[in-house]
Amino acid sequence: MATTDSHVTIHMVASLDGFIARKDGAVDWLETSDEFAGGETMDPAFVEAFLKTIDCYVMGSRTYETALDFEAKGSGWAYGDKSVFVLTSRDLPRTRDSVRFYSGDLAQLVNGQLRSGFRNIWFVGGGAVCGECLRLGLADEVRYSILPFLIGDGIPFFGNLDRDVALHLTEVKAYRNGMVGLCYEVRQDHARA
């Protein structure tokens, strides 16, 4: 049975034209040299405290491989010691005990396992995974961080949705690096199929 106080968030960083990566999966455009003088700065203490509120992460295999690549290049493991559930049917390296692989039904994973054990569940990529999360009516909110880049073509934020998903804007923040953060509540009266 699902825990009533659990919360599922979809969060991804995307280009202004709605892509989370180039067609080949490259995310070389994630670093921005833009500066918006009126924007907020990301205070490291606030970020650290905020990340502590996230209980587990869910991601697709390509997002996991990108995280491993960042770690191999010296950027560290972005998910700390939190549980990470990787949706895949491929054989991937497991570099830490906190990573678990899953290849079954997404609704069963979220409602049957995650909601009962975790309060704050974050989907962090990729587009197909997040699209499926929305199609199944599993998400409570969408956090969309838009970087000041147009990359022209690539992997879309959401895989093809087969229906409308109504959202309610709850927060807008502009940051000094030119990023804009949007937070939307998924309107549950329109979200479930």
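With contacts defined as side-chain heavy-atom distances shorter than 4.5 Å, the pair F118/S83 qualifies. Between V8 and F123, some side-chain heavy-atom pair lies under the 4.5 Å cut-off. Proximity of I10 to F157: side-chain heavy atoms (C-beta onward) are separated by under 4.5 Å at one or more points.
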Below 3.5 Å, can you tabulate the donor-acceptor pairs from side chains in residues 142-149 to any protein atom, sequence neighbours excluded?
unit_1 : atom_1 : unit_2 : atom_2 : d
R143   : NE     : E141   : OE2    : 3.3
S145   : OG     : H11    : NE2    : 3.0

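Every pair passing side-chain hydrogen bond (donor to acceptor under 3.5 Å, both in side chains) that includes a residue from residues 70-82 is listed here, sequence neighbours excluded: D69-K73, E71-R96. The stretch residues 159-181 participates, sequence neighbours left out, in no ring-ring contact (aromatic ring centres under 6.0 Å, His included) pair at all. Residue pairs meeting the salt bridge (Lys or Arg N to Asp or Glu O under 4.0 Å) criterion with at least one member in residues 149-160, sequence neighbours excluded, are K23-D153. Among residues at least two apart or in separate chains, side-chain hydrogen bond (donor to acceptor under 3.5 Å, both in side chains) pairs with a member in residues 24-45 are R22-D28.
F36 and L150 fall into different hydrophobic clusters, defined by Ile, Leu, Val, Met, Phe, Trp and Tyr side-chain heavy atoms under 4.5 Å apart, directly or through other members. Hydrophobic clustering (ILVMFWY, side-chain heavy atoms < 4.5 Å, transitive): M179 and L16 are in distinct clusters.
For D17, the side chain to side chain donor-acceptor pair (under 3.5 Å) partners are S15, not counting sequence neighbours. Judged as a side chain to side chain donor-acceptor pair (under 3.5 Å), and not counting sequence neighbours, T88 has no contacts. Evaluation of the side chain to side chain contact (heavy atoms under 4.5 Å, CB included) rule for L87 yields V58, Y102, L106, L109, V129 as partners, not counting sequence neighbours. Scored by the side chain to side chain donor-acceptor pair (under 3.5 Å) test, R119 finds D5 as partners (sequence neighbours excluded). Judged as a ring-ring contact (aromatic ring centres under 6.0 Å, His included), and not counting sequence neighbours, the contacts of F101 are Y64. In this structure E65 satisfies the side chain to side chain donor-acceptor pair (under 3.5 Å) test together with R90, sequence neighbours excluded. Taking the ring-ring contact (aromatic ring centres under 6.0 Å, His included) definition, one finds that F46 meets it with nothing, sequence neighbours left out.
Between the side chain of N120 and the backbone N or O of T53 there is at least one donor-acceptor pair closer than 3.5 Å. In this structure, the side chain of T66 engages the main chain of R62 through a donor-acceptor pair within 3.5 Å.
In this structure, CD in E171 is found 11.5 Å from OH in Y184, a value given to the nearest 0.5 Å. Between M42 atom CE and E48 atom CD the span is 15.0 Å, to the nearest 0.5 Å.
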